[in-house]
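Encoded as structure tokens, the structure appears first; notes follow it.
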Protein chains: 2
Amino acid sequence: MGGANKPTSKREGMRRETLALILATAERHFADHGFKGATMQAIADEAKLPKANLHYYFPTKLELYRQVVERIFNIWLDAAESFDTQANPEQALGTYIRKKMEISRSHPYGSKVWANEVIHGAPIIHDYLETTLREWTDSRIEVITRWAAEGLIDPVNPRHLLYMIWSTTQHYADFSHQISTLNGGVPFNDAQWAQATECVTNIILKGIGVKRGDPG
Amino acid sequence: MGGANKPTSKREGMRRETLALILATAERHFADHGFKGATMQAIADEAKLPKANLHYYFPTKLELYRQVVERIFNIWLDAAESFDTQANPEQALGTYIRKKMEISRSHPYGSKVWANEVIHGAPIIHDYLETTLREWTDSRIEVITRWAAEGLIDPVNPRHLLYMIWSTTQHYADFSHQISTLNGGVPFNDAQWAQATECVTNIILKGIGVKRGDPG
DNA sequence: AATTGTTTTGACCAACTGGTCAGGTTGAAG
DNA sequence: CTTCAACCTGACCAGTTGGTCAAAACAATT
């Protein structure tokens, strides 16, 4: 749209592709084996690149990991924005829950990396938690508190409501192995994802006494 | 009680103590760093034992890890039993949720190790998932289905209800770093744990339309 | 065609880590 | 006191892994 973009040269294009390939492959490996368990060699092999090439684009393993985590955080931000503070509880929370379920389905590896990171004390993302996440959380707590004061929902502790939404939705990504095992060894299909989303949304919204738009 | 127990010799006592010390220390390290990230040397150092001594009691790192996981599974079984299939929904689910919250508080490291294991594809516990966990889950699904049929709760999908209970309660252990960060950097105190438990129980029970024993 | 900066790569290294082992120590039993 | 098995430990080893480097291949520019 805006400026006069130089026509992407062959070099630039390849660079972009290689970077994306490495990041995607690394994400899977970090998700499946953890930071220490994932090896540069294994990532390189799967990406069909020599290991030295990885170090050309990402000087250290930690730097590669950082960028993987950063990508994930942006996805999280994307979902965060869908929590519309202007909407009514049913719409704001419903949309947010649905969005989080979609992310659990479309970015299971990212979710696992994030979970791993938090479980192990969040050494890398600690700053995000203290700044961006905390601000977002505080602002939503305010909104939820207002809803409760206005009688639109029960007077629940907003913090625990948010934790419930986070844990329940992310569970479908983070614990996918357990879930598919209990699902006869196969992952959820479209219908099952839809049902999970509906079920989670319904229980939570009813659980906090949301006044539904369509009482039937 | 039973047979004629030989009076525990000094040897036996020391052995028990050492085993317990190693297992407890290892649990923390596996929780904080993952299987690969935890090192025998670090575990030995914290337990103030020479590394070779660890290998005397646990021939390999994998064997040590297995026994850590096994202990955790027994704790899980303990909670599982508290889901009384004879009781009414409010009591059965309420007791179960409360028990799980207690475990999240008393065994945060164990919960983290378990989460880690599942996130990474459950290589060690896969058998448990397919046998014990599946059987338990199936039996509870039956009970919940019956409750729904009898009109004691809404016709929710029992599977998702169980997932919600698991994820919500375990979240307080697995994501404790995130939670304490959002709690001003300090872990929950007694009152906060009590409120979390109550809040989670209330939302879930109300969310599935449990007919409460005491309607007020 | 020559030049220049970027990218690619095989070979290599130092640090770390799980595991071994031989020899020493200790508690219990006779 | 002697004997013996259980227990403890410092020193060591082999395999793995993150990271380096010099040289080669390559794309763009003049």
Side-chain angles (χ1 to χ4, degrees), chain A residues 4-23 25-69 113 116 120 123-124, chain B residues 4-23 25-69 113 116 120 123-124:
Chain A
N5 287 358
K6 232 189 294 182
T8 39
S9 65
K10 188 170 182 180
R11 275 243 161 103
E12 277 179 84
M14 287 299 291
R15 189 184 177 83
R16 247 182 263 278
E17 267 183 53
T18 307
L19 278 170
L21 173 63
I22 294 173
L23 283 169
T25 310
E27 186 180 273
R28 274 204 303 278
H29 276 258
F30 285 132
D32 285 344
H33 308 288
F35 175 73
K36 191 78 185 194
T39 70
M40 297 297 271
Q41 189 63 63
I43 297 171
D45 287 350
E46 198 186 305
K48 285 177 182 161
L49 294 171
K51 191 185 65 165
N53 207 354
L54 256 66
H55 279 100
Y56 174 72
Y57 287 100
F58 302 91
T60 66
K61 186 184 181 183
L62 190 61
E63 182 55 30
L64 173 55
Y65 181 70
R66 274 218 190 83
Q67 295 210 23
V68 166
V69 169
V113 173
N116 231 330
H120 296 156
I124 303 293
Chain B
N5 287 359
K6 230 189 292 181
T8 40
S9 65
K10 189 171 183 181
R11 275 243 162 103
E12 276 179 85
M14 287 300 290
R15 188 183 179 85
R16 245 182 264 278
E17 266 183 53
T18 307
L19 279 170
L21 172 65
I22 295 173
L23 284 169
T25 311
E27 186 180 271
R28 274 204 303 278
H29 276 258
F30 285 132
D32 286 343
H33 307 287
F35 175 73
K36 191 80 187 194
T39 69
M40 296 297 271
Q41 188 65 63
I43 297 171
D45 286 351
E46 198 185 306
K48 286 177 182 161
L49 294 171
K51 190 184 67 162
N53 206 354
L54 256 67
H55 280 98
Y56 175 73
Y57 286 100
F58 301 92
T60 67
K61 187 184 182 184
L62 190 61
E63 182 55 30
L64 172 55
Y65 182 70
R66 276 220 188 81
Q67 295 210 23
V68 166
V69 170
V113 172
N116 231 329
H120 296 157
I124 302 295

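Naming: A, B, ... by sequence-line order, numbering from 1 per chain.
Ring geometry for F30(A) against Y65(A) counts as perpendicular: the plane angle is over 60°, on a 0 to 90° scale with 30° as the lower cut.
Following rounding to the nearest Å, H29(A) (NE2) and dT17(D) (C1') show an atom-to-atom distance of 15 Å. E12(A) places its CD atom 14 Å from the C1' atom of dG5(C), with the value rounded to the nearest Å. To the nearest angstrom, P of dA6(D) lies 16 Å from CZ of R16(B). Rounded to whole Å, the distance from CE on M40(B) to P on dC13(D) is 21 Å. In this structure, K61(A) atom NZ and dA15(C) atom P are separated by 18 Å, rounded to whole Å. Distance H33(B) NE2 to dT17(C) C1': 15 Å, rounded to the nearest Å. Per the geometry, CE belonging to M14(B) stands 11 Å off P belonging to dC7(D), to the nearest Å. Between F58(B) atom CZ and dT17(C) atom C1' there is a gap of 19 Å when expressed in whole angstrom units.
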I'd like to know whether H120(B) forms a side-chain contact (heavy atoms from CB on, under 4.5 Å) with F35(B), so could you lay out the CA-CA distance, the side-chain angles of the two residues, the decisive distance to 0.1 Å, and finally the verdict. CA-CA 10 Å; H120(B) 296 157; F35(B) 175 73; over 6 Å; no
Given E46(A) and H29(A), is the side-chain contact (heavy atoms from CB on, under 4.5 Å) satisfied, shown in steps? CA-CA 9 Å; E46(A) 198 186 305; H29(A) 276 258; 2.7 Å; yes
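Residues of residues 45-55 of chain A having a heavy atom closer than 4.0 Å to DNA chain C, listed by number: P50(A), A52(A), N53(A).
Regarding contacts with the backbone of dC8(D), a side-chain N or O of Y57(B) is found under 4.0 angstrom from either OP1 or OP2. Close to dC7(D), at under 4.0 Å from its OP1 or OP2, lies a side-chain N or O of Y56(B). Close to dT6(C), at under 4.0 Å from its OP1 or OP2, lies no side-chain N or O of R15(A).
Ranked by how close their nearest DNA chain C nucleotide is to the 5' end, A38(B) and R11(B) are led by A38(B). Along DNA chain D, the nucleotide nearest to T18(B) and the one nearest to K36(B) differ in position, and the one closer to the 5' end is contacted by T18(B).
Considering CD1 of I43(A) and CZ of R28(A), their distance stands at 10.0 Å, rounded to 0.5 Å. Note that CD1 of I22(B) is 8.0 Å distant from CE of M40(B), once rounded to the nearest 0.5 Å.
Of the charged side-chain nitrogens involved, at least one lies within less than 4.0 Å of a carboxylate oxygen, so that E63(B) and R66(B) count as a salt-bridged pair.
Under the 3.5 Å distance criterion, the side-chain polar atoms of K61(B) are matched with a main-chain donor or acceptor of A38(B).
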